[in-house]
Amino acid sequence: MGYKSEFLNVLSDRGFIHQCSDFQGLDAKLMSGTQSAYVGYDATAPSLHVGNLISIMMLSWFQKTGHKPITLMGGGTTRVGDPSGKDDQRKLLATNAIAENIAGIKQAFSKFISYGQEPEGGIMSNNAAWLDTLNYIDFLRDVGKHFSINRMLTMDSVKLRLEREQPLSFIEFNYMILQSYDFVELHKRHGTILQMGGSDQWGNIVSGVELGRRMHGYELFALTAPLLTTASGAKMGKTAQGAVWLNEAMLSAYDYYQFWRNSEDADVGKFLRLFTFLSLDEIKKLESLGGAEINEAKKKLAEEATRLCHGHEAAMMAAETARKTFEEGAVAESLPSIAVAMTELQKGVPLIQLLKDAGLVASNGEARRLIQGGGARVNDQLIENDNYVCTADMLGSEGAIKLSAGKKKHALIKVAA
RNA sequence: GGAGGGGUGGCGGAGCGGUCAAUCGCACCUGACUGUAAAUCAGGCGUCUUCGGACUACGAAGGUUCAAAUCCUUCUCCCUCCA
C-alpha cells in the first residue's frame, strides 16, 4: 500500500522491507521506467544458503515487476572479507577457492532470475572485473578521500567489533569502501540505482549511496530486508547438519523440502510470503488453518520453495518421498542413500559405521550415543545394541536397508551396482 | 612508558595443585507428549575404543612436581586506570 510502484507494494505487503534510504525517491524512480538493482554475494562458500534466499527473492520480484536485476559476485571483495556481523576475521580465501565458489553459487541464481539482453533481463557481474586491477594510490585519491574515518568508526560493522573487544584488521576495514565503490561502478556500467541486501548490509549500502553522490552526484538508493529469525528466535537456516544450502550437491532436494516442512507453525505465513510466489489471498487461506490442519500449509510451503529452487519434478519427488516416509511409514526409494558393496554387506557392516557413512551422525561416538539413547532404527526396528551389525539379509524387497536417526532423519543403504 | 585485571569446550561463564573431559546457563542431539509444530519433562552433548580404558584439550612455548586449567618463566593478545 501507499506506494505507486508495484515493486515496493509487493515487497512491503510481503514483509521484505526493513529500511530504505528514501522511499519516495525510489518509488518515483521506479515509476519513471525500467531500472536496475543489484545484490552482492561474496563467494565464501561453494553454494548460497537460505539466508541468502530473501535477497534473491527480492531481485526476482524486481524482475517480475518489470525491472532489471543484477547479481554481483564478489570475486574481488571476497578476497578482503566483510566484517559485518562477525566477531572474528574471516580467514582469507585463496583465489582459486573463490573461483570455485563462484561457479557453485551461480547455479542457484538461474533458478530465480532469468538472464538476458532484454530490458529486464538479468545481468551476472563480478566485481573482480574492476577491483582486481585498481591502482592503490589512484583509488585512495579518487575514492578514499570521500571516506571519513570518524564516520566509519561509528558504523555498526566496525563499532560492534571494536566494542566487543575483537580485533579488526586493516584489510577488513577497507571492505566497506570497496563495496561502496561497487555500487558506483555498477551505476556507471548499467545505470544501477538500487542496492538491496540484508539489514546487516545497511551501513555498507548507504555508504555506497553517499559515495555515488559525492563522486558524481548520482542519485542512488538503499533497501534492506529484515534479519530473519524463526518464531522461537533462532537464526534462520540452520539444521542439524549445518546450513541449508541451495545447491543440490550440498543438500538434497528432499532435505531442502524437509527443512521447510518442519517450519514452526508461527512462521508459516511469513515464510509463504517471503519464499513463495503464491498470491497473498492464497497465503491468507493457508495460514488461517488451525491445529493439525496447518500441516497442509507447511506442505504447500515446502513444495513451492523446493520447486523454486530445484524444479517441479524434484519438488514433487521430495513431497512424495516425505509422504511415503512419514504418512505411510513405507520405505521410499528416493530417500537419501549411500551405496555399499555386496561383498561388504555379506560380511556384515557395523551399524555405527553405516550411520556415519550415511551422514546421519558425525562420529562413531555420536552414533553410539544415538543407539544407546534409543534413537537408532534399522528397517524401522529399534536397535539398542551399539555393536549391531547389518548384513545382506536385511535388504528389504526394495533392495535397501532403511536407517533412521530419530524420527525425521532417514537414509537408505543400497547395494553398490 | 607505569600500575592493575584477564584470555577455559559452539557461545556465555565457574574452577585456581590431585576426586577436572572440566559445575552451570544457552545452543544442539535423542526420547516421552503431539500434528514431521511449539511449549514442557527426561537423557545426552571432545575423539577413538576389544567398553577395561586410551588419546587430545583450558591463548603459545618452556619449567617445577609423583601429579598442573590450576604454581613459575618467557612470549602473545585484550581490558581498565595513571602518564
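What you see is a predicted model, and the numbers here were worked out from it, not measured in a lab. Just the heavy atoms: all of them, side chains too, but no hydrogens, waters or symmetry mates, feed the values below. All chains are named by letter (A, B, ...) in the order of the sequence lines, taking the proteins before the strands, and each is independently numbered beginning at 1.
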Could you identify the nucleotide paired to [N], looking across every strand shown and requiring Watson-Crick or G-U wobble geometry with both distances under 3.5 Å?
{"N": "B:rC28", "value": "B:rG44"}
{"N": "B:rG17", "value": "none"}
{"N": "B:rU34", "value": "none"}

request  = Please work out if A:A376 contacts a base, only the sugar-phosphate, or nothing of the nucleic acid, heavy-atom cut-off 4.0 Å.
outcome  = nothing

task = Name the nucleic acid region contacted by A:Q258, choosing base, sugar-phosphate or nothing; use a 4.0 angstrom heavy-atom cut-off, strictly under.
result =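 If one applies the 4.0 Å heavy-atom cut-off, A:Q258 turns out to touch a base.
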
Distance, [atom1] atom - from [M] to [N], rounded to whole angstrom:
{"N": "B:rU64", "M": "B:rC55", "atom1": "C1'", "result": "25 Å"}
{"N": "B:rU80", "M": "B:rC71", "atom1": "P", "result": "25 Å"}
{"N": "B:rA57", "M": "B:rU8", "atom1": "C1'", "result": "10 Å"}
{"N": "B:rC24", "M": "B:rC16", "atom1": "P", "result": "16 Å"}
{"N": "B:rG4", "M": "B:rU74", "atom1": "P", "result": "14 Å"}
{"N": "B:rA83", "M": "B:rA67", "atom1": "C1'", "result": "45 Å"}
{"N": "B:rU34", "M": "B:rC26", "atom1": "P", "result": "25 Å"}
{"N": "B:rC72", "M": "B:rA27", "atom1": "C1'", "result": "38 Å"}

request  = Check the surroundings of atom CD in A:E328: do more than 12 heavy atoms from other residues, nucleotides or ligands lie under 6.0 Å from it?
outcome  =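 Yes.
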
query = Just wondering, more than 12 heavy atoms not from A:M57 lying within 6.0 Å of its CE?
reply = yes

ask   = Mind checking whether A:Y256 and A:H49 have ring centres under 6.0 Å apart?
value =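 Not under 6.0 Å, so no.
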
Pairwise distance CD1(A:I177) to CG(A:L211) - rounded to 0.5 angstrom = 9.0 Å

note = dist A:C309:SG -> A:E304:CD (nearest 0.5 Å) comes out at 13.0 Å

inquiry  = Is there a side-chain contact between A:F183 and A:V209 in this structure, where contact means two heavy atoms from C-beta onward sitting under 4.5 Å apart?
reply    = yes

ask   = Any side-chain heavy-atom pair from A:V389 and A:V349 closer than 4.5 angstrom?
value = no

query = Syn versus anti for B:rG52, judged by chi lying within 90° of 0?
reply =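 Syn for B:rG52; the angle stays within 90° of 0.
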
request  = Let me have a per-nucleotide readout for nucleotides 47-58 of chain B, 5' to 3', with B, S or -, counting only protein heavy atoms under 4.0 Å.
outcome  = SSBSB-------

key: Rounded interatomic separation in angstrom, taking CG from A:L382 and C1' from B:rG31   =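 In whole Å, B:rG31 C1' lies 10 Å from A:L382 CG.
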
query = Between A:D27 and A:K4, is there a donor-acceptor pair closer than 3.5 Å when you use the side chain of the first and the backbone of the second?
reply =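 The answer is yes, because a donor-acceptor pair under 3.5 Å joins these two groups.
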
note = Assign each of A:L370 and A:N262 the nucleotide of RNA chain B bearing its closest heavy atom; nearer the 5' end lies the nucleotide of A:L370

Stepwise salt bridge (Lys or Arg N to Asp or Glu O under 4.0 Å) test for A:K300 and A:E296 = CA-CA 6 Å; A:K300 191 72 179 164; A:E296 293 311 311; over 6 Å; no

query = Side-chain N or O of A:K409 less than 4.0 angstrom from OP1 or OP2 on B:rU30?
reply = yes

What N/O pairs connect the protein and nucleotides 33-35 of chain B at under 3.5 Å? Give each pair on its own line.
residue, atom, partner, partner atom, Å
B:rG35, O6, A:D265, OD2, 3.3
B:rG35, N1, A:D265, OD1, 3.3
B:rG35, N1, A:D265, OD2, 2.6
B:rG35, N1, A:G291, O, 3.4
B:rG35, N2, A:D265, OD1, 2.5
B:rG35, N2, A:D265, OD2, 3.4
B:rG35, N2, A:K298, NZ, 3.2

message = Does the Lys NZ or Arg CZ of A:K64 fall within the cation-pi geometry relative to A:F277 - under 6.0 Å from the ring centre and within 45° of the axis?
response =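 Cation-pi check for A:K64 and A:F277: passes.
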
